[in-house]
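Note sheet for the following structure.
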Amino acid sequence: MSRIYCCSDIHGCIHEFDYALSLITGHLSEDNTKLVLLGDYIHGGSYSKDVLERIIDLRNKWGSEKIIVLCGNHEDMAVEGFCPLFENNRYDEKEDYYISWLQNLPRYYTEGNTIFVHAGIDEEAGDFWEWETDEITMTEKYPAETGRFSTGQKIVAGHVYTSEISGNRYFHDIYYDGMSHYYIDGDVLTSGVIPVLMVDTETDEYYRVTENGEYLILPYDEDY
């Protein structure tokens, strides 16, 4: 049994990330509690390096089994040389270190009944999704898929703004389709918020984490 906190699509927004972490880090000393980060730590805001340093510090403090850091499409773009690692094309003396660190990030993580991934998986592959899903799908799948996944597993992903998935441009919270998908990219560059999701793997329940507590997430059509 684990309580898994997760957030995604930080995009160089260190202050918003620190606020999200303030809702999480007090729990990390508890047994069977983990943090899963779903990718896209860089590009957009002005503090990509600070975000990477914060994540590296967290993993150094708590260990890679407690802090799981996944790869997103923006990490791929930087590693493959399609765009600079940091804002304004500025070079950093630790850039080679960061690139090497990003190259070794996994693309998905599973625990209990939940698949954590940046963008998505090949759901048509059913029980064989781990073997049939290519790396690009895991970091770049678009559009976001909704509906029931045949294995019965839940999928937690970022990558696509929840405002787009919901069709509500003012919605920047966690989107649950009522079946198999939880999407958590709240478009921090617009909203100023990085939503925090908590998964209780024992009960297979999913909660929205706020400064006022943790609240069971209802399907979007019932909640809004």
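- Interatomic distance, CG of Asp185 versus CD1 of Ile174, reported as 11.5 Å (0.5 Å rounding).
- At least one donor-acceptor pair closer than 3.5 Å links the side chain of Tyr183 to the backbone N or O of Glu145.
- Heavy-atom minimum distance, Gly39 versus Ser8: O-OG, 3.8 Å.
- Each salt bridge (charged side-chain N to carboxylate O under 4.0 Å, His left out) pair with one or both residues in residues 148-162, not counting sequence neighbours, appears once here: Lys154-Asp204.
- Every pair passing ring pair (Phe, Tyr, Trp, His ring centres under 6.0 Å) that includes a residue from residues 31-57 is listed here, sequence neighbours excluded: His15-Tyr47, His43-His74.
- In this model, a donor atom of one side chain and an acceptor atom of the other lie less than 3.5 Å apart for His159 and Asn73.
- Judged by distance alone, the side chain of Thr210 and the main-chain N or O of Asn212 form a donor-acceptor pair under 3.5 Å.
- Note: Leu197 CG to Ile24 CD1 = 9.5 Å, rounded to the nearest 0.5 Å.
- Open room surrounds CD on Glu135; 12 or fewer heavy atoms of other groups in view lie less than 6.0 Å from it.
- Every pair passing salt bridge (charged side-chain N to carboxylate O under 4.0 Å, His left out) that includes a residue from residues 64-79 is listed here, sequence neighbours excluded: Asp76-Arg107.
- Listed by first and then second residue, the salt bridge (charged side-chain N to carboxylate O under 4.0 Å, His left out) pairs involving residues 4-27 are Asp18-Arg54 (not counting sequence neighbours).
- Evaluation of the salt bridge (charged side-chain N to carboxylate O under 4.0 Å, His left out) test over residues 113-133, restricted to residues two or more places apart or in two chains, returns Glu123-Lys141.
- Counting only N and O atoms by type, the side chains of Tyr109 and Glu111 include a donor and acceptor under 3.5 Å apart.
- For Ala78 against Leu85, the heavy-atom pair with the smallest separation is CB-CD1, 3.9 Å.
- For Thr162 (side chain) and Asp173 (main-chain N/O), a donor-acceptor pair under 3.5 Å exists by modelled atom type.
- Taking CD1 from Ile115 and OG1 from Thr151, the interatomic distance works out to 5.5 Å, rounded to the nearest 0.5 Å.
- In the hydrophobic clustering (ILVMFWY side chains linked at under 4.5 Å, chained through shared members), Ile136 stands by itself.
- For the side chain to side chain donor-acceptor pair (under 3.5 Å) test, no residue two or more places apart in sequence or in another chain qualifies with Tyr97.
- Within the structure, ring pair (Phe, Tyr, Trp, His ring centres under 6.0 Å) pairs that include any residue of residues 190-215 comprise Tyr182-Tyr206 (at least two apart or interchain).
- Residues passing the side chain to side chain donor-acceptor pair (under 3.5 Å) test with Glu53 are Lys94, Tyr98, sequence neighbours excluded.
- Atom-to-atom distance recorded for Asp134:CG and Ile121:CD1 is 12.0 Å, nearest 0.5 angstrom.
- Other residues sharing the hydrophobic cluster of Trp131, ordered by chain and number and joined by side-chain separations under 4.5 Å: Phe128.
- The two residues Ala119 and Glu140 come nearest to each other via the heavy atoms CB-N, 3.6 Å.
- Residue pairs that meet the ring pair (Phe, Tyr, Trp, His ring centres under 6.0 Å) test with at least one member in residues 16-37, sequence neighbours left out, are Tyr5-His27.
- In terms of the side chain to side chain donor-acceptor pair (under 3.5 Å) criterion, Thr133 has no residue partners (sequence neighbours excluded).
- Residue Ser2 holds its OG atom at 5.0 Å from CG of Asn32, rounded to the nearest 0.5 Å.
- For Tyr161 and Phe171, the ring centers are positioned 6.0 Å apart or more.
- Between Ser29 and Gly26, the closest heavy-atom pair is OG-O, 3.9 Å.
- A donor-acceptor pair is defined here as one N or O able to donate and one able to accept, closer than 3.5 Å; such a pair exists between the side chain of Asp177 and the backbone of Ser180.
- Nearest heavy atoms, Leu70 versus Leu105: O-CD1, 3.8 Å.
- To the nearest 0.5 Å, the span separating CZ on Phe86 from CG on Asp50 amounts to 8.5 Å.
- With a 4.5 Å cut-off on side-chain heavy atoms, Ile67 and Leu28 count as touching.
- Of all heavy-atom pairs between Gly45 and Cys13, the closest is CA-SG, 4.3 Å.
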